[in-house]
Amino acid sequence: MMTMHQKTIFFILLSLLDGLFLFGQKIKNSTVILRGRITHAGPSPLMLVAEGYYGYSIDTILLDSSGKFYFETGKLTAPAQVRLVQARQFNTELCLAPGYDLEITGDAKDQSTFILTKQVSGIGAQSNRYPILRDSILLKRKGAVDWYDMNKDQLLAFIQSEKVLKDSIYTTVFSPPNKQDPWFNHFAKVTAMDNYFLRLYYLMTHVVITPTFNYDQSVSFLTDNFDKPILDNLFRDKYFVSSVYKTWLMGSYAEYLGALKCREDSSYCKIQRKDEQVLKMIADNFKGKIREFTLTRKIRNLIENSRSFDELNRLEGKIPVYLTLLKNNADKKYLETLLTTTEQKLVIIQTGKPAPFFSTQDSLGVTYTLANYKGKVVYLDLWASWCTPCRVETPHFKKIVERYKNDDRISFISIAVGDHKDKWKKALREDRPTWLQLFDVHRKIQNAYVASSIPKFVLISKDGKIVSFDAPFPSSGGKLERLLDAEISK
């Protein structure tokens, strides 16, 4: 529970947000510059990832052989919290705004090393001190148990401890104010709000993942441990400036409402179409700007994650009713266009169509192409070393491969997509798969097979055509074996 002093500070913060006018100001210098040197970064480029209203935009930043880089853009017209990423090597937050000129250095040997060595200087550096201090201190204080694995008492103690720490870092960074940086107050306010709503996100998520909570316990866990006036007024447009609020928290809130419904009426949990339940929950309960944003975001994710033409067809029968609820015509147009373009991609590779061609290499640099397997059934697996569900399938996959090891009518191929080559090789050493393992360079194969989510399994016929674009997983056992037996017998 917040003290009266803490509540007063937060409500003052909210009132200040009403006067957040910098977005509309004309900026003399709208250019943003990033420069610096990152050692042990390897050859992969850096990716500057910014979340926009309709998804993510990504800029590529090239490194020279010594790790030096220079990037300049005029696209950023408002302050933003972005991510600087290098494949699976490191992922870090940056505060960027028009006029910022930042020099970034660090050792990218691994994520932990980069967090501890990252330094930012130049124009806008003070706004970036908060994520630098926060990440390095939290890494050093990291306990043996992650917050989502904690019991109720552990989580409440963790939330309180993290609040004390972040409040201390906040005071260190944001007081006194920086009058030379016109965006400094913006990042101070957004940081305070992000921290505040992150605590509520922890609480809501705990309710969702704790099946032993009944309805009353689910409700009281929030009302006993968070500020009730905020809980009663969650849909205020002024909160939208917080990325934690509009993405993490609101996504969790829809799931929280679903958990309450399940614990009030057990029959609700037995419905198979969970995504449609979430859409209806958002439509029925959310209000204002966040309702429009969350509905648009959820529909977008459903479309983009459609794994087959049939699944997209089913969505096309359900989505129109929600499109009519959107007040912004630009949102409707965006989603209608996304449906069309996704359908065009999936139509190309629907059942009976030629499987997209691929040519790529194994860990020794030997090149393999789909054409090498003409006359054989191919069971294709798209996965990544960082994908836990993918690697859970490995023991089951080994059994399938063992069953067909003497049958030269079928081949098994796994291709790592969206992965880091060194981590892929490490996963191969750990998991020891016994079938062909290839690596997708620049996501060409992932894009060709529209693998927006993994693991993804595709069955290809002897004449190189798609048998199933969403084939059963190895863990399905008999279901997959019956499909394979039917195909190789043709």
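Only this structure's heavy atoms are used, side chains among them; waters, hydrogens and symmetry mates stay out. Small disclaimer: the values here were computed from a predicted structure and weren't measured.
Side-chain contact of R129 with T172: a donor-acceptor pair under 3.5 Å is absent, judged by distance alone. Side-chain N/O atoms of D194 and Q81 include a donor and acceptor closer than 3.5 Å. In the model, R263 has no side-chain atom that pairs as donor or acceptor with a side-chain atom of N214 under 3.5 Å. Checking E72 against Y70 by side-chain atom types alone, a donor-acceptor pair falls below 3.5 Å. There is a side-chain donor-acceptor pair under 3.5 Å between E393 and S475. If you check the side chains of K118 and T105, you find no donor sitting under 3.5 Å from an acceptor. Counting only N and O atoms by type, the side chains of S112 and D110 include no donor and acceptor under 3.5 Å apart.
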Quiz item: What's the verdict on side chain to side chain contact (heavy atoms under 4.5 Å, CB included) for N447 and V417, showing C-alpha distance, side-chain angles and the deciding distance?
Solution: CA-CA 9 Å; N447 292 335; V417 298; over 6 Å; no
Practice problem: Evaluate the side chain to side chain contact (heavy atoms under 4.5 Å, CB included) criterion for residues L231 and T223: first the C-alpha distance (whole Å), next the side-chain angles of each, then the deciding distance (0.1 Å), finally the verdict. | Solution: CA-CA 8 Å; L231 292 175; T223 56; 4.2 Å; yes
Practice problem: Any chance you could lay out the side chain to side chain contact (heavy atoms under 4.5 Å, CB included) test for F71 and R35, step after step, and finish with the verdict? | Solution: CA-CA 6 Å; F71 175 77; R35 66 181 93 211; over 6 Å; no
Practice problem: Given salt bridge (charged side-chain N to carboxylate O under 4.0 Å, His left out), test D265 with K261 step by step and report yes or no. | Solution: CA-CA 6 Å; D265 177 8; K261 187 75 172 176; 5.5 Å; no
Quiz item: Does the pair D146 and K142 meet the rule for a salt bridge (charged side-chain N to carboxylate O under 4.0 Å, His left out), with working shown?
Solution: CA-CA 8 Å; D146 291 314; K142 182 174 173 58; 2.6 Å; yes
Practice problem: Applying side chain to side chain contact (heavy atoms under 4.5 Å, CB included), run through T342 and L346 and close with a yes or a no. | Solution: CA-CA 6 Å; T342 303; L346 292 176; 4.1 Å; yes
Practice problem: Step by step, work out the salt bridge (charged side-chain N to carboxylate O under 4.0 Å, His left out) result for D59 and K75. | Solution: CA-CA 10 Å; D59 284 299; K75 293 192 300 184; 2.9 Å; yes
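If you take OG1 on T294 and CZ on R297, they are separated by 8.0 Å, rounding to the nearest 0.5 Å. The CG atom of L339 lies 5.0 Å from the CD1 atom of I319; values are rounded to the nearest 0.5 Å. Put simply, CG on L138 and NZ on K166 are 6.0 Å apart, with the number rounded to the nearest 0.5 Å. Atom OG of residue S218 and atom CG of residue L260 lie 5.5 Å apart, to the nearest 0.5 angstrom. Going from atom CG of N329 over to atom CG of L323 covers 11.5 Å, rounded to the nearest 0.5 Å.
Y322 places no side-chain N or O within 3.5 Å of a backbone atom of L295 that could act as its donor or acceptor partner. A donor-acceptor pair is defined here as one N or O able to donate and one able to accept, closer than 3.5 Å; no such pair exists between the side chain of D149 and the backbone of V145. One N or O on the side chain of Q277 and one on the backbone of Y268 form a donor-acceptor pair closer than 3.5 Å. Side chain of D237 to main chain of K289: a donor-acceptor pair is present (N/O by atom type, distance under 3.5 Å, no hydrogens or angles). Not one N or O on the side chain of W383 forms a donor-acceptor pair closer than 3.5 Å with the backbone of K456. Not one N or O on the side chain of Q126 forms a donor-acceptor pair closer than 3.5 Å with the backbone of N178. At distances below 3.5 Å, at least one donor-acceptor pair connects side-chain atoms of T341 with backbone N or O atoms of L338. The main-chain N or O of L312 is never found under 3.5 Å from a side-chain atom of E343 such that the two would form a donor-acceptor pair. Side-chain N or O atoms of N128 include one that pairs as donor or acceptor with a backbone N or O of C95 at under 3.5 Å. Remark: the backbone N or O of S385 is paired with a side-chain donor or acceptor of R391 at under 3.5 angstrom.
When all heavy atoms of T324 and K332 are compared, the closest pair comes out as O-NZ, 4.4 Å. The heavy-atom pair separating A188 from F174 by the smallest distance is CB-CD2, 3.4 Å. Residues M204 and L234 approach most closely at CE-CD1, 4.0 Å, considering heavy atoms. Closest approach of I123 and L102 over heavy atoms only: O-CD2, 3.1 Å. Contact record, I466 with P356: CD1-CD, 4.5 Å, taken as the closest heavy-atom pair. Nearest approach of W183 to A97, heavy atoms of both residues: CD1-CB, 3.2 Å.
Salt-bridge annotation for D167 and K163: present, with a side-chain N of the basic residue lying under 4.0 Å from a carboxylate O of the acidic one. Using a cutoff of 4.0 Å between basic side-chain nitrogens and carboxylate oxygens, R199 and E162 are not scored as salt-bridged. Ion pairing between a basic and an acidic side chain is recognised when a charged N comes within 4.0 Å of a carboxylate O; K228 and D232 show such pairing.
Classified by interplanar angle (parallel below 30°, tilted 30° to 60°, perpendicular above 60°), the ring pair Y245/Y239 is perpendicular. The aromatic rings of F293 and Y53 stand perpendicular to each other, their planes meeting at an angle above 60°, with 30° marking the opposite boundary. Ring geometry for Y100 against F187 counts as tilted: the plane angle lies between 30° and 60°, on a 0 to 90° scale.
Looking at Y130 and N195, their side chains come closer than 4.5 Å, going by heavy atoms from C-beta outward. For the pair T73 and T31, the minimum side-chain heavy-atom distance is 4.5 Å or more. A heavy-atom distance below 4.5 Å is found between the side chains of F69 and I38. The shortest side-chain heavy-atom distance between L380 and I415 falls under the 4.5 Å cut-off. W386 places none of its side-chain heavy atoms less than 4.5 Å from the side chain of K423. Side-chain contact between R83 and L48 is absent, with no heavy atoms from C-beta onward closer than 4.5 Å. Annotation: side chain of F90 is in contact with side chain of L46 (closest heavy-atom distance under 4.5 Å). Under the 4.5 Å side-chain criterion, counting only non-hydrogen atoms from C-beta, E51 is not in contact with S57.
The side chain to side chain contact (heavy atoms under 4.5 Å, CB included) test with Y256 singles out one residue from L249, V208, L200, and that residue is V208. Screening F213, Y148, W147, F226 against H206 for a ring pair (Phe, Tyr, Trp, His ring centres under 6.0 Å) leaves a single residue, F213.
Relative to the ring axis of F469, K353 does not place its NZ or CZ within 45° and under 6.0 Å from the centre.
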